[in-house]
Amino acid sequence: MGTLTIGAVRERAPGERRVALVPEAVTLLRRAGLAVLIETGAGSGAWFTDAEYTDVGATVVPPDELYARADAVLCVGPPDVETAQALRAGQTLIGLLEPLRNPALAEELTGRGVRTVSLDLLPRTLSRAQSMDALTSQASVAGYKAALVAADSYDRFFPMLTTAAGTMRPAQVLVLGAGVAGLQAIATARRLGAVVSAYDVRPASRGEVESLGARFLDIQSPSNGKPGAGQGGYARELTEQEQRAQREALDAHIARSDIVITTAQVPGRKPPLLVTATAVEQMKPGSVVVDLAASELGGNVEGTEPDKTTVLDNGVTLIGAGRLPSAMATAASTAYARNLVALLRHLVRDGQLVLDPADEITAALLGGASS
């Protein structure tokens, strides 16, 4: 029985700078008795050199050799067509594979005998799996960066400043969605000195919002008595009628805000529309809207496009911020690599990768499929 070999590939998606393993993680995996392969140049986008990997015991190899030797292949996002075709029967692909958005990929790989372990299927309600929760770690990075992007695009100060030239009022920031990303955006905007308000369909989020020093908006719930929380720790998807009532109630708050940061997402589904073009038209010139949910599926804000900044005729800046973790590639990669190390510690037993569908964590990551 040979040594289990783990291989981390270079991400090929446009604009993706993260890497699945950082040198720190390689050290931990080597101590656990695993062999580690790193594709040449895999860490360059996150400022990790090939030499740093070899210094901690990894072997840097070209992609063909990695696919030939690795028992498990680690990635950040879903593989491109070339990478998927290079995988062979008996290998395991581990990453944020987005099977709910791209079920054909998982089906194709499974059909060829490639096992898929998707971290974005891990329920946030499993307390013993928190150290493996890559969606949470990456959302935390995104929320932090969203507040910084907003501050950088806003032509006034975030904090109240008293100077010889007079007093500058603080920015009024509204965060829509108080999940992990939203709470991190709230905390960061507060640290920058802004006056922050927030809203979420889950009433239980009020305490978390207020604990960070922000005001929770008292908006009558559009849920007709249904709970706002869904499965896995996420907000449930609202009906169209509920979404319309929510938008109407939020419009006045949006119009008074200098900054709006939206973070509401439903895994595998089109994000809910929270801010209409009409609401944006009512905002003051110089206001900034950052949409963390912007993707090819749509976004929380009407008119935003992923990875694009648009200044409208009324002077409002719309930012489709769909790749914020990649904008902080070093920090995001380090957090993600720690999630993978925790996952591998759970899956590796006696030097072998064991995918046991009877295990609650493993079953979730496999999407309910057997290995």
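Note that the numbering runs from 1 along the sequence shown for the chain.
Separation of atoms CD (Glu305) and CD (Glu296) is listed at 12.5 Å; rounding is to 0.5 Å. The distance from the CE atom of Met132 to the CG atom of Leu126 is 9.0 Å, given to the nearest 0.5 Å. Taking CD of Gln130 as the reference point, atom CG of Leu122 lies at 10.0 Å (rounded to 0.5 Å). In this structure, the separation between NZ on Lys145 and OG on Ser326 is 11.5 Å, given to the nearest 0.5 Å.
Put simply, the side chain of Glu52 gets close to the backbone of Thr49: a donor and an acceptor are under 3.5 Å apart. No donor-acceptor distance shorter than 3.5 angstrom exists from the side chain of Arg349 to the backbone of Leu353, with no hydrogens or angles considered. A donor-acceptor contact shorter than 3.5 Å links the side chain of Asn300 to the backbone of Pro272. Between the side chain of Thr167 and the main chain of Thr163, no donor-acceptor pair closer than 3.5 Å is present. For the pair Asn314 (side chain) and Val280 (backbone), a donor-acceptor distance under 3.5 Å is present. The closest donor-acceptor contact from the side chain of Asp291 to the backbone of Gly320 lies at 3.5 Å or more, if one exists at all. A donor-acceptor contact shorter than 3.5 Å is absent between the side chain of Ser287 and the backbone of Met283. Formation of a donor-acceptor pair under 3.5 Å by the Ser140 side chain with backbone atoms of Thr136 is not found in this model. The backbone N or O of Ala294 lies less than 3.5 Å from no partner atom in the side chain of Thr304, so there is not a single donor-acceptor pair. For Ser333 (side chain) and Thr330 (main-chain N/O), no donor-acceptor pair under 3.5 Å exists by modelled atom type.
Tyr336 is not listed as a side-chain neighbour of Val19, based on a closest heavy-atom distance of 4.5 Å or more. Residues Val260 and Val290 are not in side-chain contact: their nearest non-hydrogen atoms beyond the backbone lie 4.5 Å or more apart. The closest side-chain heavy-atom distance from Pro99 to Asp120 is below 4.5 Å. Side chains of Ile261 and Leu176 form no contact here, defined as non-hydrogen atoms less than 4.5 Å apart. The shortest distance between side-chain heavy atoms of Ile254 and Val289 does not fall below 4.5 Å. In this structure the side chain of Thr40 never reaches within 4.5 angstrom of the side chain of Arg10, judged on heavy atoms. Considering only heavy atoms from C-beta on, Gln91 stays 4.5 Å or farther from Asp71 through its side chain. Inter-residue side-chain proximity for Cys75 and Glu11 is flagged as met; some heavy-atom pair is nearer than 4.5 Å.
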So Asp356 and Thr362, side chain to side chain donor-acceptor pair (under 3.5 Å) or not? Walk me through it.
CA-CA 6 Å; Asp356 180 7; Thr362 305; over 6 Å; no
Derivation of the side-chain contact (heavy atoms from CB on, under 4.5 Å) call for Leu355 and Val117:
CA-CA 9 Å; Leu355 300 183; Val117 175; 4.0 Å; yes
Go through Gln184 and Thr188 one step at a time and tell me if the side-chain contact (heavy atoms from CB on, under 4.5 Å) criterion holds.
CA-CA 6 Å; Gln184 190 61 252; Thr188 304; 3.5 Å; yes
Could you walk me through whether Arg17 and Trp47 pass the side-chain contact (heavy atoms from CB on, under 4.5 Å) test, one step at a time?
CA-CA 9 Å; Arg17 295 171 47 216; Trp47 310 113; 3.2 Å; yes
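For the side-chain contact (heavy atoms from CB on, under 4.5 Å) test with Leu4, the passing option among Leu29, Leu344, Leu34, Leu347 is Leu34; the others fail. Checked against Val288 for a side-chain contact (heavy atoms from CB on, under 4.5 Å), the options Val149, Val316, Ile259, Val311 give a single hit: Ile259.
Ion pairing between a basic and an acidic side chain is recognised when a charged N comes within 4.0 Å of a carboxylate O; Glu107 and Arg112 show no such pairing. Salt bridge annotation for Glu16-Arg18: present, with a cationic side-chain nitrogen under 4.0 angstrom from a carboxylate oxygen. Salt bridge Arg206/Asp218: present, at least one basic N to carboxylate O contact under 4.0 Å. Of the charged side-chain nitrogens involved, at least one lies within less than 4.0 Å of a carboxylate oxygen, so that Arg338 and Glu24 count as a salt-bridged pair. A salt bridge links Asp258 and Arg169; the closest N-O separation between the charged side-chain nitrogens and carboxylate oxygens is under 4.0 Å.
Under the 4.5 Å side-chain heavy-atom criterion for ILVMFWY residues, a single connected hydrophobic cluster contains both Tyr144 and Leu292. Leu217 and Leu273 are assigned to two separate hydrophobic clusters, defined by single-linkage of ILVMFWY side chains at heavy-atom distances under 4.5 Å. Note on Leu324: it does not cluster hydrophobically with Val180, by side-chain heavy-atom contacts below 4.5 Å among ILVMFWY residues. When the side chains of ILVMFWY residues are joined at heavy-atom separations under 4.5 Å, either directly or via intervening members, Val22 and Val60 end up in a single hydrophobic cluster. Leu318 and Leu250 fall within a single hydrophobic cluster, where Ile, Leu, Val, Met, Phe, Trp and Tyr are joined by side-chain heavy atoms under 4.5 Å apart, directly or via other members.
The two residues Leu192 and Ala147 have their closest heavy-atom pair at CD1-O, 4.3 Å. In plain terms, the two heavy atoms of Ala363 and Pro357 that are nearest each other are CB-O, 3.3 Å.
Residues forming a side chain to side chain contact (heavy atoms under 4.5 Å, CB included) with Arg128 (at least two apart in sequence, or on another chain): His346, Asp359, Glu360, Ile361.
Ring-plane geometry between Tyr53 and Phe48 is classed as perpendicular, the angle between the planes exceeding 60 degrees on a 0 to 90 degree scale with a lower cut at 30.
Other residues, nucleotides and ligands contribute only 12 or fewer heavy atoms inside 6.0 Å of the CZ atom of Phe157. Summarising the local packing, NZ of Lys284 is surrounded by more than 12 heavy atoms from other residues, nucleotides or ligands at distances under 6.0 Å. Applying the 6.0 Å contact sphere to CE of Met168 captures more than 12 heavy atoms from other residues, nucleotides or ligands.
Grouping Ile, Leu, Val, Met, Phe, Trp and Tyr residues whose side-chain heavy atoms lie under 4.5 Å apart, directly or via other members, places Leu37 in a hydrophobic cluster with Val9, Val61, Leu66, Tyr67, Val73, Leu87, Leu93, Leu97, Leu105, Leu109, Val114.
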